[in-house]
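Inspection log for the structure reproduced underneath, given as structure tokens.
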Protein chains: 2
Amino acid sequence: MKGRALDSRKELILKVVTDDYIESAEPVGSRTIARKYNLGLSPATIRNEMADLEESGYLKQPHVSAGRIPSQQGYRYYVDSLMELQTLADEELRMIKSYIESWSKEIDTLLQQTVKLLAQITRYPSIMLGPKLQSAVFKHIQLVPLNDYNILVLVVTSTGVVENKIITVDFPVSQVELDQISNQLNRKLRGVTLENLKSSVLNELKTEIEARNGFLQQAVNLLQRTLETKERTRIYLDGVINILEHPEFKEVEKFKPLMGMMEEEEKLYRILTAPTNANGLRISIGEEIQEEAAQDCSVITATYEMGGRVVGTIGVLGPTRMDYGHVVAVVDFIAKCISKLLSPES
Amino acid sequence: MKGRALDSRKELILKVVTDDYIESAEPVGSRTIARKYNLGLSPATIRNEMADLEESGYLKQPHVSAGRIPSQQGYRYYVDSLMELQTLADEELRMIKSYIESWSKEIDTLLQQTVKLLAQITRYPSIMLGPKLQSAVFKHIQLVPLNDYNILVLVVTSTGVVENKIITVDFPVSQVELDQISNQLNRKLRGVTLENLKSSVLNELKTEIEARNGFLQQAVNLLQRTLETKERTRIYLDGVINILEHPEFKEVEKFKPLMGMMEEEEKLYRILTAPTNANGLRISIGEEIQEEAAQDCSVITATYEMGGRVVGTIGVLGPTRMDYGHVVAVVDFIAKCISKLLSPES
DNA sequence: ATTTAGCACTCGTCATATGGGAGTGCTAAC
DNA sequence: GTTAGCACTCCCATATGACGAGTGCTAAAT
């Protein structure tokens, strides 16, 4: 009974119930449906259908004399087959346009602005993962001595991302020596992707220069250590306040676990990096999110690219009773915008 | 009547009322005081004193048949004259110690950890302002061409802080040319504080090299633009969830404006940079905070230093009914810790 | 003059009762 | 297969009243 495709009238009713519940946040009853949407069906018929839908797991009742609301399975069916993708409103396009026009070349600022924009348009908390280091192309390395035993390693990649790490060494190294090393490394490594760099190039380099140059050897080690310990890209979060607009969180106790989750980068990271399907879009509903605190939430994410490669994820968190049709369209569109902004052709 | 010093018995009662209210979050009545604290006074006497304290503005009543709670003026008097500074608990010292031992040399990570620690110990939301750029000492500049018209300007300061900015130029500049420029600038500027750099040194340099070198001229302009547009240091925030533990925020509507405020860096910045007194400690109560959304809150901040100069602020936000005696001690102590960590003597 | 006991009064809180309304399932008629 | 009718359930908003904590005031005690 579960999971079977529904006949078209049941689909219609499931769709109407879900649409209405998403809009009103109130359980929807047969009478409401008959009155509000002209389906040519009497409340009694609708009741029968709803009872069937409940039995097969698509709807549920908060309590016996209330209307129906979609179950997780119901939302899933809705999202997969029933939902109407919305087109962006003029106002929204206007906001996006003005955002694109005033984009910052500072990647950090740009990402911050992007996630703020997404939160503003969707009116849900929005989360974004910075671009993966791996897919960037090596551009420049600079070694700056801070004092005798501490060296600042700067790695610049093709899009202006700067990674920096402080490394402690056992013996003093002079500025001049460091400059030499930087220069040699720059010559050798320009144009290599960090991924390759990490996995193979550095090791080749190491054997190649074996014994030829003690300092260079050291420097390669430094670089390797830098890339290795650079654990995770920054996470951007904005619009947390938006979720408080929804009645399901009007009690603090409901909101608290979610707030806790959003303060743990670790958890946000896990949520955003769950596997996605081909086109990069992903919708996770309720328990599909592997996260205790978000059982009553849904997450919509899209991946974004940089020069044709997927490098990061942007997404929205909301109650399961979320405006899927709208948010999917927005997230998808904005992910495409950021991909364009990050892939320089000029 | 207002603001006059209180006689010792009134002080005692104001202190007891405030202490008790901070602990219980319930209005405190004369009977409670007489029973709980052995002051050798009858409830009636205490009532009379409380009536006086209310008349002169130190206490107020939520409603006529409830106990008293401190007014803003009452808290102010408490904080200035009555509060007992607590000493840190062993557990807290242990946490701080383990934090110091595992400190990260990445300044960004270090600040993140610090504010998390503060939030954990105080159980209030904690905010921290990154070190002001101005007081840092110039260490290194690097110009990296990203493509023909975009140049990444990297400025490294004495403590390993990296500022980066992308600058667009009108005509292509080659890597070699940029290297020359970087080198020259590095020679000239090493050891100068950014403050001096911004205000005078760069201008001197500009006139000095006038016409001698077109590129160098350009580069100085770049540097100037970089330092100018680097508007504000990053703000770190953690432990927002803690404030939800307090009954004054059990209704979402009370919490919402605060959440909104904490998502606006602009506002956090203003709160943290209000003027402080000599020793760097500041306690702002209720309306003393120039921020609509925080009228029922207090902020305790301390400044921290880097090589003897005040460079930033760290603080805690809580309800006016805040555990001042405890939080002041912790904030002060942690500010001193971070000052030590940031002022390298090794 | 100050302190205290006593007392009437206020007001918020909590538990209980009550009625209305929205919605259901079931049955019988269409 | 659909629908009208109806009894029934259960939430919710409102009213009610008892209770208790706390007050101010007055008068007596110190």
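This structure is a prediction, so every number in the text was calculated from the model and none was measured. Convention: sequence-line order gives letters A, B, ...; per-chain numbering from 1.
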Figure out the CD/C1' separation between B:Q61 and D:dT23, and round it to whole Å.
-> 7 Å

At under 4.0 Å between heavy atoms, what does B:A66 touch on the DNA or RNA strands: base, sugar-phosphate, or nothing?
-> sugar-phosphate

C:dG23 phosphate, OP1 or OP2, under 4.0 Å from A:T32 side-chain N/O | yes

A:N48 CG to C:dA28 C1', straight-line distance once rounded to whole Å | 13 Å

Of the listed nucleotides D:dT3, D:dT9, C:dC11, the one nearest the side chain of A:V64 = D:dT9

Rounded to whole Å, CG of A:L59 lies from C1' of C:dG25 at a distance of 16 Å

Counting only heavy atoms not in B:N48, do more than 12 sit closer than 6.0 Å to its CG atom?
-> yes

Calculate the interatomic distance between B:I33 atom CD1 and C:dT3 atom P; express it in whole Å.
-> 16 Å

Length of the line joining B:K10:NZ and C:dT2:C1', which is rounded to integer Å | 12 Å

Which nucleotide, C:dT4, D:dG24, C:dG23, lies nearest any side-chain atom of A:R31?
-> C:dG23

What about B:R35, does its side chain sit under 3.5 Å from the base of D:dG22 through a donor-acceptor pair?
-> no

For D:dT23, does OP1 or OP2 lie under 4.0 Å from any side-chain N or O of B:S30?
-> yes

Closest-nucleotide 5' rank along DNA chain C - winner of B:I46 and B:H63 | B:I46

Hey, is the side chain of B:R9 poking within less than 4.0 Å of OP1 or OP2 on C:dT3, counting only N and O atoms?
-> yes

OP1 or OP2 of D:dA21 less than 4.0 angstrom from a side-chain nitrogen or oxygen of B:S65, does that happen here?
-> no

With respect to the side chain of A:S42, which nucleotide from C:dA5, D:dT3, D:dT23 is positioned closest?
-> D:dT3

Can you tell me if NZ on A:K254 sees more than 12 non-hydrogen neighbours from other groups inside 6.0 Å?
-> no

For B:R68 and D:dT23, is the shortest distance between a side-chain N/O and OP1 or OP2 below 4.0 Å?
-> yes

Starting at atom CG of A:D52, determine the distance to atom C1' of C:dT24, rounded to an integer number of angstrom.
-> 14 Å

Rounded to whole angstrom units, what separation is found between the CD atom of B:E55 and the C1' atom of D:dG24?
-> 13 Å

Within a strict 4.5 Å, meaning less than it, do heavy atoms of the B:Q86 and B:E92 side chains meet?
-> no

Identify which nucleotide among D:dT23, C:dT24, C:dT3 has an atom closest to any side-chain atom of B:T45, counting heavy atoms from C-beta outward.
-> C:dT3

More than 12 heavy atoms of other residues, nucleotides or ligands under 6.0 Å from CG of A:D90: is that the case?
-> no

Passing candidate, side-chain contact (heavy atoms from CB on, under 4.5 Å) with A:M50, options A:E55, A:Q61, A:R68 | A:R68

Find the distance A:R47:CZ to D:dC6:P and express it as a whole number of Å.
-> 13 Å

